[in-house]
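Here is the structure we will look at, set down as structure tokens.
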Amino acid sequence: MTVEPIPSLCTICNLQEAQAGAVQKLCPSCTALARAVQEQPEVVKRLWLRHQNEPILPEAIPQSIEGEGELPDVLDGKRYRTVDRDRNKWYLSVSEVNGKPVEIFASTAFDRDHELQARIANLTTITRLISLLLRHIFLGEALTFDKCLKQIQRSSRQKNDLPDMLYGVLSRYHPRKTGQA
């Protein structure tokens, strides 16, 4: 007796069978639709206005940006003060666009303490990469390997610290360096 798997339906239209092996469980038609929403948000806004007779809310479709340089010069934000297990005070600043987090920074009053320099470099790496992810999620900024490498490299505070070593290893996988496309 053979048991055939039950086909999964598309999570958007719930009518067609999802593509085999697809992560998002979408049919071919809805895959094309999802790609258009992601790559052409202005077209989606115009279609929404035409068919719903009201503009789509700005926060519903993120603006697409290519890089950090396109963030506004002044952002709303919140600052949080926290204390770590060693009783060091840390300040976390979250910058926002339309109430959504797009950058996070961390600092401490102990910046000049040599013992904390490695921790600060590692923390800078983490916050830079989280900020890159936040801009991707909430603003639609393209997330690329080059941008990840750049943020890791910028977080290094001295030669052979963890960010410097991460950059050295990961840059070996850069498509231009390896000759891959």
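Given the structure is predicted, the values throughout are model-derived calculations rather than measurements. If you read the sequence from its start, that first residue is 1, and numbering goes on from there.
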Residue set satisfying side-chain contact (heavy atoms from CB on, under 4.5 Å) with Tyr80, at least two apart, ordered chain then number -> Lys78, Leu92, Val94
Check your understanding: Is Tyr91 linked to Ile130 within one hydrophobic cluster, defined over Ile, Leu, Val, Met, Phe, Trp and Tyr using a side-chain heavy-atom separation of less than 4.5 Å?
Key -> no
Rounded to the nearest 0.5 angstrom, the CG-CG distance for Leu75 and Asn98 is 10.5 Å
Heavy-atom closest pair (Met165 atom, Asn160 atom, distance to 0.1 Å) is CE-O, 3.7 Å
d(Tyr167 OH, Lys150 NZ) to nearest 0.5 Å is 11.0 Å
Rounding to 0.5 Å, atoms CZ (Arg128) and NZ (Lys147) come to a distance of 14.0 Å
Heavy atoms of Leu134 and Pro101 approach each other most closely as CB-O, 3.4 Å
**Residue pair Leu132 / Glu141, side-chain heavy-atom distance below 4.5 Å** = yes
All heavy atoms of Cys10 vs all of Cys27, minimum pair found to be SG-N, 3.5 Å
Hits for side-chain contact (heavy atoms from CB on, under 4.5 Å) against Leu170, two or more places apart or cross-chain, chain-then-number order -> Phe145, Leu149, Ile152
Between His136 and Leu143 the two heavy atoms that sit nearest each other are ND1-CB, 3.7 Å
Between Thr124 and Ser155: side-chain donor-acceptor atoms closer than 3.5 Å | no
Linking I/L/V/M/F/W/Y whenever their side-chain heavy atoms sit closer than 4.5 Å, directly or via other members, would Phe105 and Leu133 fall into one cluster? no
- [ ] Any chance you could lay out the side-chain contact (heavy atoms from CB on, under 4.5 Å) test for Leu166 and Ser156, step after step, and finish with the verdict?
- [x] CA-CA 9 Å; Leu166 287 170; Ser156 176; over 6 Å; no
The side-chain contact (heavy atoms from CB on, under 4.5 Å) partners of Ser131 (sequence neighbours excluded) come to Glu103, Ile104, Arg135
